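All remarks here apply to the structure that follows.
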There are 2 protein chains.
Amino acid sequence: MSATRRKTSYDVAQLAGVSQSAVSRAFSEDGSVSQKMRDKIRAAADELGYRPNAIARSLGKGQSGLIGMIINRHSQQSYAAALTGITEILRESGGGVLLQVVDADSLADEAIATLLDYQVDAIICSSVLSNTAAEQCAKSGVALCLVNRQTDSMLVDEVFSDNEGVSFAIALGLASTGVQNAAYIYGPESGFVSRLRFQGFSAGCVQAGLAKPSKIYCDFTYQGGYDAALELLDLNPNLDAIFAATDTMAFGVMDALRYSKGIAVPDTIQVVGFDDEATAAYRAYQLTSVRQPMAVMLLEAVDLARNRIKNPKSPKRRVETKSKVIQRKTATWTIQSAIDSGRNQN
Amino acid sequence: MSATRRKTSYDVAQLAGVSQSAVSRAFSEDGSVSQKMRDKIRAAADELGYRPNAIARSLGKGQSGLIGMIINRHSQQSYAAALTGITEILRESGGGVLLQVVDADSLADEAIATLLDYQVDAIICSSVLSNTAAEQCAKSGVALCLVNRQTDSMLVDEVFSDNEGVSFAIALGLASTGVQNAAYIYGPESGFVSRLRFQGFSAGCVQAGLAKPSKIYCDFTYQGGYDAALELLDLNPNLDAIFAATDTMAFGVMDALRYSKGIAVPDTIQVVGFDDEATAAYRAYQLTSVRQPMAVMLLEAVDLARNRIKNPKSPKRRVETKSKVIQRKTATWTIQSAIDSGRNQN
DNA sequence: CTGAAAGCGCTAACAC
DNA sequence: GTGTTAGCGCTTTCAG
């Protein structure tokens, strides 16, 4: 079992007694080869354990079959599940995903460069990108698709979930239960989606005749949420609802309320999160939260990217997916009123 | 900003008035080029926005700089954090991570094939692998390193955490508090690490003079843990400790105990988990759990792989890392006794 | 130290 | 259909 030289199409050709290009054809979907020849070649290939070298193919075709993905460290968890689907799909078409997890948005540019070096066909990015990075992609003819991120460039597609819409609906839902003093906790990802969610939430509050919600910033952690809740309480003792930009922070909020202050959730203060992490369903939290259709979003992104590869100058597309609020036990409006609120918004 | 043809080393050569091979040298660490020439070339390259094509380089060198990673869907969460570090390191050396997330171990072989097609230099795998897949790697001269997985092959390295050791220590710790009837809940990953952990736990119980722990299988979920706990309770009403192969299941166990049965944790039944998920630290759980040094393990894996690339026939290496039990509130032995137990084991 | 030339393994015209 | 030939963009001898 020593590491022998990898078999090439020449080896197969020789064994099968055909030309090398015949081998190439036998391994491409639409190569014009007779069935007989194809069989003969495949047989020879199997005997040798030959598989086409994807790198060499890439060089010749100018397409690598690779898709680059840039994920922000903080949102990684939400993407984890969806990653299964995406690698599977790409695997079926013989491609792969080149992953870059970035710690901070500032590193995204560097990540892009590496991806570009490997001639990825497209980049799916859930991190903020500099304009130069976006331009670089365009110049290199690489399709770029942002996920829950925005850009001015007319040549990059975007897929969003309706961050503002659900947040709006949540405000209405909360208001329908008599909430008067709502607060919002800012969160992760350089605040980009946080801002969207706040805007929606804020607009919803106003629409419902409430004051604009107070807001507070914190880092992206459980502890951050915990501390933020305490601070919020100091600022406004009449608080009766907290919407956190992220489940992780919402858990912190709940625990600060329940364990540190002895405040009942949702009786005294209602809590809503975002992301629908697994933990949200656990009996100890049962957090009402928002579920974005991550798998759908990512698949949509792959789709947009592929279309753009085929047709590079097609106009910018932006697809918005519907999120769902998962009603559990930390907020008390009825599903019906939530649905209604959603309708109002559209 | 139309997608112009990508600049090549020839373009740079022409601009700088030198040969193409000079450009190549200017971009390789140890190319023999005068400083003056290097500067001139780099300047020209910058002007053109040139970056070497990693795919072409791979083809020429026979090394892609790519590392393939295969992660089992169920263990993905534990790897998520460590992925940041790994992509970063590889990025620095100009390489990348080709990721494959597999749903079931049975898909790992297919994943390997795809990875091999792209000529990855090494594969880091946290999924069970067939022998043929392992042989395929060896035959292709691709370094293979398993993480928390085992194989007979003498040519693949392994990095483990001391699954058995900590589990043994946990048994002793539990026993030191007077536990009499311990149970174990099997878990994820085709049971491979589950088995290791059970063996260690079981041995620890015996060593402490207890009966062998009862065990029960369940799927890998919160609900699975929940149901398993209930069943265990039926089987043995005197149960006083449950060790779950995974935190996720342990959360289910705790909630079944507390909310469904009104049983106090840890007063009546102690619970210990494995993985130290973020949720374990939350106030509502405060689960005593085991933290494996994932980042270290993965880095170690990269290191092993790189060494094997340099020296393909070096003897099999197996590195075992130390896990740490994180004492929180669901088990009552003291840290000191845990440390002592650990010592006994070594 | 620098340039010329020969591949790396494959795809894609181009002839037959 | 099938074989021949010319690249894809780089690295690496090999001369000079």
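Order of the sequence lines sets the chain letters (A, B, ...), proteins ahead of strands, with each chain counted from 1. Here the structure is a predicted model, which is why all the values come from computation and not from measurement.
Both tests pass for A:R42 against the ring of A:F27: distance under 6.0 Å to the centre and angle within 45° of the axis.
The NZ atom of B:K61 sits 11 Å away from the C1' atom of D:dT12 (whole-angstrom rounding). Going from atom CD of B:Q119 over to atom C1' of C:dG9 covers 9 Å, rounded to whole Å. When rounded to the nearest whole Å, the span between CE of A:M37 and P of D:dG1 equals 12 Å. One atom, CZ of A:F27, and another, P of C:dG9, lie 16 Å apart when rounded to the nearest Å. Protein atom CG of A:N53 is 14 Å distant from nucleotide atom C1' of D:dC10, rounded to whole Å. The separation between A:E29 atom CD and C:dT11 atom C1' is 15 Å, rounded to whole Å. Note: NZ (A:K40) to P (D:dT2) measures 8 Å, nearest angstrom. Counting to the nearest Å, the C1' atom of D:dT11 and the CD1 atom of B:I55 are 15 Å from each other.
For C:dC8, the OP1/OP2 oxygens have no side-chain nitrogen or oxygen of B:S58 closer than 4.0 Å. At the phosphate of D:dG1, neither OP1 nor OP2 sits under 4.0 Å from any side-chain N or O atom of A:S34. For A:Y10 and D:dG3, the shortest distance from a side-chain N or O to OP1 or OP2 is not below 4.0 Å. Applying the 4.0 Å criterion to OP1 and OP2 of D:dG9, one finds that B:T8 has every side-chain N and O outside that range. One finds a side-chain N or O of A:S24 lying less than 4.0 angstrom from the OP1 or OP2 phosphate oxygen of C:dT11.
Within 4.0 Å of B:S21, counting heavy atoms only, lies at least one base atom of the nucleic acid. A:Y50 comes within 4.0 angstrom of sugar-phosphate atoms only, judged by non-hydrogen atoms across all strands, and of no base. When heavy atoms are screened at a 4.0 angstrom cut-off, B:R6 is found touching no nucleic acid atom at all. When heavy atoms are screened at a 4.0 angstrom cut-off, A:S32 is found touching base atoms of the nucleic acid.
The listed nucleotides are C:dG3, D:dC10, D:dT4; the one nearest the side chain of B:S9 is D:dC10. Each of C:dG3, D:dG3, C:dA5 was ranked by its minimum atom distance to the side chain of B:Q20; first place goes to C:dA5. Taking the side chain of A:R25 as heavy atoms from C-beta on, and the options D:dG9, D:dG3, C:dG3, the nearest nucleotide is D:dG3. The B:A22 side chain lies nearest to C:dG3 when the options are D:dC10, D:dG3, C:dG3. Picking from D:dC10, D:dG9, D:dT2 the nucleotide with the shortest atom distance to the side chain of B:R57 gives D:dC10. With distances taken from any side-chain atom of A:V18 to the nucleotides D:dG3, C:dG3, D:dG9, the minimum falls on D:dG3.
In this structure, OG on A:S126 lies 6.0 Å from CZ on A:R149, to the nearest 0.5 angstrom. Between the OG atom of A:S314 and the CZ atom of A:R308 there is a distance of 4.0 Å, given to the nearest 0.5 Å.
Residue whose closest nucleotide on DNA chain C sits further toward the 5' end, between B:Q35 and A:L59: B:Q35.
Side-chain contact of A:Q35 with A:D39: a donor-acceptor pair under 3.5 Å is present, judged by distance alone. Defined by atom type and a distance below 3.5 Å, a donor-acceptor pair is missing between the side-chain atoms of A:Q136 and A:D109.
Residues B:K7 and A:K139 are not in side-chain contact: their nearest non-hydrogen atoms beyond the backbone lie 4.5 Å or more apart.
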